[in-house]
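Atoms considered below: every heavy atom in the structure, side chains included; atoms not considered: hydrogens, waters and symmetry mates. Letters go in sequence order (proteins before strands), and every chain restarts at 1. Here the structure is a predicted model, which is why all the values come from computation and not from measurement.
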There are 2 protein chains.
Amino acid sequence: MVMNGKKIPQSTISRLFVYLRELTELDKINIRTISSAELGERTNLSDAQVRKDLGYFGQFGVSGSGYAVGELKNALNNILGKDKIWNVAIVGVGHLGSALLAYSGFDTHGLKIVAAFDADEKKVGKKFLDITIQSIEEIKQTVKKKKVELSILTVPVGKAQEVAEELVNAGVECILNFAPVSLNVPENIKVKDVDLSRELETLSYFLAGKNGNNKK
Amino acid sequence: MVMNGKKIPQSTISRLFVYLRELTELDKINIRTISSAELGERTNLSDAQVRKDLGYFGQFGVSGSGYAVGELKNALNNILGKDKIWNVAIVGVGHLGSALLAYSGFDTHGLKIVAAFDADEKKVGKKFLDITIQSIEEIKQTVKKKKVELSILTVPVGKAQEVAEELVNAGVECILNFAPVSLNVPENIKVKDVDLSRELETLSYFLAGKNGNNKK
DNA sequence: AAAAGATTGTGATTCTTTTCACAAACTCTG
DNA sequence: CAGAGTTTGTGAAAAGAATCACAATCTTTT
Ligand SMILES: NC(=O)c1ccc[n+]([C@@H]2O[C@H](COP(=O)([O-])OP(=O)(O)OC[C@H]3O[C@@H](n4cnc5c(N)ncnc54)[C@H](O)[C@@H]3O)[C@@H](O)[C@H]2O)c1
Ligand SMILES: NC(=O)c1ccc[n+]([C@@H]2O[C@H](COP(=O)([O-])OP(=O)(O)OC[C@H]3O[C@@H](n4cnc5c(N)ncnc54)[C@H](O)[C@@H]3O)[C@@H](O)[C@H]2O)c1
């Protein structure tokens, strides 16, 4: 997380992807130049935040006029490693897993789903577009063969821990986990939780005005 | 966000839900007492973090032995407003929307899906369990009638902004947005983005060793 | 070409969140 | 019940992140 001796916040990285998304849109509609204020406006962030985030990686702007959309887009693509294509596996092809498997939007982000696994014999062998669902037993060899780097875990909550262990055992280092459980994995493994109930509940907590509106 | 004069981090709230989830599991298996260290272990957080988070809301522990699982569970249920049931609407019943609509796990979190909307005439009228998909035109009256408080936005990215505006217009104050776009809404409206491509990409960024491993 | 205007890049400041560290409070053991 | 062992609760310190603020730099205007 260090560059030019400065530490780069995790959240900066996440926002860079947002800037890049916006710049790609701007480029499409032939907008050539944009200020940090405008880019901030469009991404619901402050101008200072935009400039500081970009500042970690270099100087991309021009005083008095702003940033060249095309150039900045290219720079971010480069910084974020969007030149590379990442191989993704989905484990657990149920409601959520099949929605993700059917999603075409990953392509445009350099995310390529190369394999899908399920424990249900009835599902094994079925095809979704060009992906054939494989038995969970084949996970290790397939991860190796297809060079799976990222994994999406969409199995029932009760199976999540054991399947996560199989993933780790198979050599996968990154897991996007949808099961509402805290996975216990070695610390070199990166797990990112997506807990949808929690997101909704957190929203509701603040809606309830528990955040200081009704309590002193 | 103020209690006892102290500011409560947003992230603390989110973690309280994690503690609660864990405590509920512990309760099920008849574990009566747990220390902050153990609870932290199980949730991948530090003991100090656990204690500080709980400390915002009162004193629940017993020196020398830890926290009474049942009591703390009840306290958190209360703090987090889990006594209340929240009414949720899903807008856009495609791949993702229908996965969410079919998900039974929301129930146990006090989240009740009370309505679903889609613009596609072919989908309107279809039933998912006990929810009949309604036309998007009915959104305003239904939100009012069914007291919708939270909404899940799963429409194509190009439609997200306009549908978000319809939601706001219908009186919804919280939106869980799955479309990869920065929504522009009044500031009293709470939007939480779930951008799955971005989550995967952020994982991959760190996998790429761009975080200081290959750069000085 | 000078003056007015716009916008960047970044050190300094402020605000937020996490971690530390330890007295106080409790439990357990023989 | 005394002493050893745990564990909490919480100020204080440290770390992390966002915001401020402004000199420097570029653009536009006249
Ligand atoms: N569907 C949702 O909207 C939703 C929302 C929030 C959270 N989640 C969570 O996401 C996860 C998946 O949810 P879902 O609704 O898709 O569930 P699902 O039951 O529809 O699908 C789970 C799939 O995993 C497969 N599976 C079971 N054990 C397996 C194993 N050992 N190895 C490989 N595959 C296995 C099942 O055969 C099934 O196809 C769950 O943990 C759930 O709690 C889902
Ligand atoms: N499916 C995924 O795995 C996935 C992953 C990441 C992000 N997303 C995002 O989530 C959103 C939904 O994805 P999806 O795969 O479910 O798409 P989808 O095309 O399967 O479903 C979209 C649904 O929205 C409906 N719709 C269109 N316009 C509407 C309107 N004006 N009002 C109401 N409903 C309308 C469509 O009829 C369709 O049923 C998209 O923005 C997508 O980018 C999806």
- [ ] Write down the distance between CG (Leu54(B)) and P (dT18(C)), rounded to a whole number of angstrom.
- [x] 13 Å
TODO: Take Arg198(B) and Glu201(B) through the salt bridge (charged side-chain N to carboxylate O under 4.0 Å, His left out) test and state the conclusion after the steps.
DONE: CA-CA 5 Å; Arg198(B) 202 165 90 219; Glu201(B) 287 177 305; over 6 Å; no
TODO: State which of dG11(D), dC20(C), dA18(D) makes the closest approach to the side chain of Ala48(B).
DONE: dC20(C)
Open item on the list: Is there a side-chain contact between Ser63(A) and the phosphate of dG5(C), meaning an N or O under 4.0 Å from OP1 or OP2?
Closed with: no
TODO: Report yes if the side chains of Leu80(A) and Ile13(A) come closer than 4.5 Å at any heavy-atom pair, otherwise no.
DONE: yes
Open item on the list: Less than 4.0 angstrom between a side-chain N/O of Ser36(A) and OP1 or OP2 of dA6(C), yes or no?
Closed with: no
Open item on the list: Please report the distance, rounded to the nearest Å, between NZ in Lys52(B) and P in dT16(C).
Closed with: 15 Å
Task: Any Asn30(B) side-chain heavy atom under 4.5 Å of Val69(B) side chain - done: no
Open item on the list: Any side-chain N or O of Arg15(B) below 4.0 angstrom from OP1/OP2 of dT18(C)?
Closed with: yes
Open item on the list: Taking 4.0 Å as the cut-off, does a side-chain nitrogen or oxygen of Ser65(B) come that near to OP1 or OP2 on dT7(D)?
Closed with: no
Open item on the list: Rounded to whole Å, how long is the line connecting atom NZ of Lys7(A) with atom C1' of dA15(D)?
Closed with: 8 Å
- [ ] To the nearest Å, give me how far apart CG (Asp47(A)) and P (dA21(D)) are.
- [x] 12 Å
Open item on the list: Applying salt bridge (charged side-chain N to carboxylate O under 4.0 Å, His left out), can you list everything that pairs with Glu173(A), at least two apart in sequence or on another chain?
Closed with: none
- [ ] Report yes if a side-chain nitrogen or oxygen of Arg51(B) is closer than 4.0 Å to either non-bridging phosphate oxygen (OP1 or OP2) of dG9(D); otherwise report no.
- [x] no
Open item on the list: Looking at dA17(D), I'd like to know if its phosphate oxygens (OP1 or OP2) sit under 4.0 Å from a side-chain N or O belonging to Gln49(A).
Closed with: no
Task: SB check Lys84(A) Glu149(A) (cutoff 4.0 Å) - done: yes
- [ ] Would you please confirm or rule out a distance under 4.0 Å between OP1 or OP2 of dG9(C) and any side-chain N or O of Tyr67(A)?
- [x] yes
Task: Protein-nucleotide distance (Ile8(A), atom CD1; dA18(D), atom P), rounded to Å - done: 13 Å
TODO: Remember a base hit wins even if backbone is also touched, and classify Thr12(B) as base, sugar-phosphate or nothing at under 4.0 Å, heavy atoms.
DONE: nothing
Task: Phosphate OP1/OP2 of dT10(C) contacted by Gln59(A) side-chain N/O (<4.0 Å) - done: yes
TODO: Take atom CG of Leu16(B) and atom P of dT17(C), then tell me their distance rounded to the nearest Å.
DONE: 13 Å
